[in-house]
Amino acid sequence: SQELEQSPQSLIVQEGKNLTINCTSSKTLYGLYWYKQKYGEGLIFLMMLQKGGEEKSHEKITAKLDEKKQQSSLHITASQPSHAGIYLCGADMEIRGETSGSRLTFGEGTQLTVNP
Amino acid sequence: EAQVTQNPRYLITVTGKKLTVTCSQNMNHEYMSWYRQDPGLGLRQIYYSMNVEVTDKGDVPEGYKVSRKEKRNFPLILESPSPNQTSLYFCASSSFPYNEQFFGPGTRLTVL
């Protein structure tokens, strides 16, 4: 979706390297969700962020939502081959001054390859 | 095990032949949703349901129907499938619209 831009589209890193994926919106985000998808399979929930400046971590993955609530980043420390997959951000965005509620918008995803 | 199931996982059909993709969740979730995923277009919402007998259109509802007669089931109906509905379909559920959505494994549909 062009309403929610993810960058980069694809990323190839060497095992052990750190990396960052970004998710940017032109509208205020009421909620931002990060998911991981193995190719052709279902999505696995990683984290949800709702407050400006919020940061959450799980194992080696950290996600942040900026103060303006229009951009989120996903950072992986010391990447491993198990981190490979497609990372998607999904958002509950502001529509006509209100939350979009149940109508989540997703980015196109970032394909991550981790070489051993 | 808490899960969202979809059937079938793979389906090849022909234009105009009505089909239904089933979705069931065992978590007593109020909220359920259908998405389609296409290369270059990402994940787009087709329909969603806030509770039994309550459904609403998402971003790409044309050519699809849904029903929510029971809390656990949310079938997706294609009355007259066309080749542009060839896609990977996902069903999702959550206990509340703003909480974590649990996704099914996906249904890969090909319409010839």
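Each chain gets a letter, A, B and so on, in the order its sequence line appears, and its residues count up from 1.
When the shell of 6.0 Å around CD1 of B:Ile77 is examined, it contains more than 12 heavy atoms from other residues, nucleotides or ligands. Enclosure of atom NZ in A:Lys68 is not indicated, since only 12 or fewer non-hydrogen atoms of other residues, nucleotides or ligands lie within 6.0 angstrom. Crowding of A:Lys36 atom NZ: a count of heavy atoms from other residues, nucleotides or ligands under 6.0 Å exceeding 12.
Atom CD of B:Gln45 sits about 8.0 Å away from atom OG1 of A:Thr105, to the nearest 0.5 Å. A:Glu108 contributes atom CD, which lies 11.0 Å from atom CG of B:Leu43 (distance to the nearest 0.5 angstrom). If you take CG on A:Leu43 and OH on B:Tyr35, they are separated by 9.0 Å, rounding to the nearest 0.5 Å. To the nearest 0.5 Å, atoms CG (B:Leu41) and CZ (A:Phe106) are separated by 14.5 Å. Atoms CD and CD1, from B:Gln37 and A:Ile86 in turn, are 6.5 Å apart once rounded to the nearest 0.5 Å.
Here the closest heavy-atom approach between residue B:Gln101 and residue A:Phe45 is recorded as O-CB, 4.5 Å. The shortest heavy-atom contact between B:Phe90 and A:Gln37 is CZ-NE2, 3.3 Å.
Within the structure, every pair that satisfies the side-chain hydrogen bond (donor to acceptor under 3.5 Å, both in side chains) test and touches residues 61-70 of chain B, not counting sequence neighbours, is listed here: B:Arg36-B:Tyr64, B:Ser49-B:Arg68, B:Tyr64-B:Tyr89, B:Lys65-B:Glu79, B:Glu70-B:Asn73.
If you chain together hydrophobic residues whose side chains sit under 4.5 Å apart, A:Leu32 and A:Tyr87 fall into the same group. B:Met50 and B:Phe102 are not part of a single hydrophobic cluster, where members link through side-chain heavy atoms under 4.5 Å apart. Hydrophobic clustering, with ILVMFWY side chains joined whenever heavy atoms are under 4.5 angstrom apart, groups A:Trp34 together with A:Leu112. When hydrophobic clusters are built by joining Ile, Leu, Val, Met, Phe, Trp and Tyr residues whose side-chain heavy atoms come closer than 4.5 Å, directly or via intermediates, B:Val54 is grouped together with B:Tyr31.
With a threshold of 4.5 angstrom between heavy atoms, B:Gln6 does not approach chain A through any atom at all. Using a 4.5 Å cut-off between heavy atoms, A:Gln9 makes no contact with chain B at all. Interface remark: B:Arg108 contributes side-chain atoms only to the contact with chain A (heavy atom separation under 4.5 Å).
With chain B as partner, the option from A:Gly90, A:Gly42, A:Gly31, A:Gly109 having the largest number of non-hydrogen pairs under 4.5 angstrom is A:Gly42.
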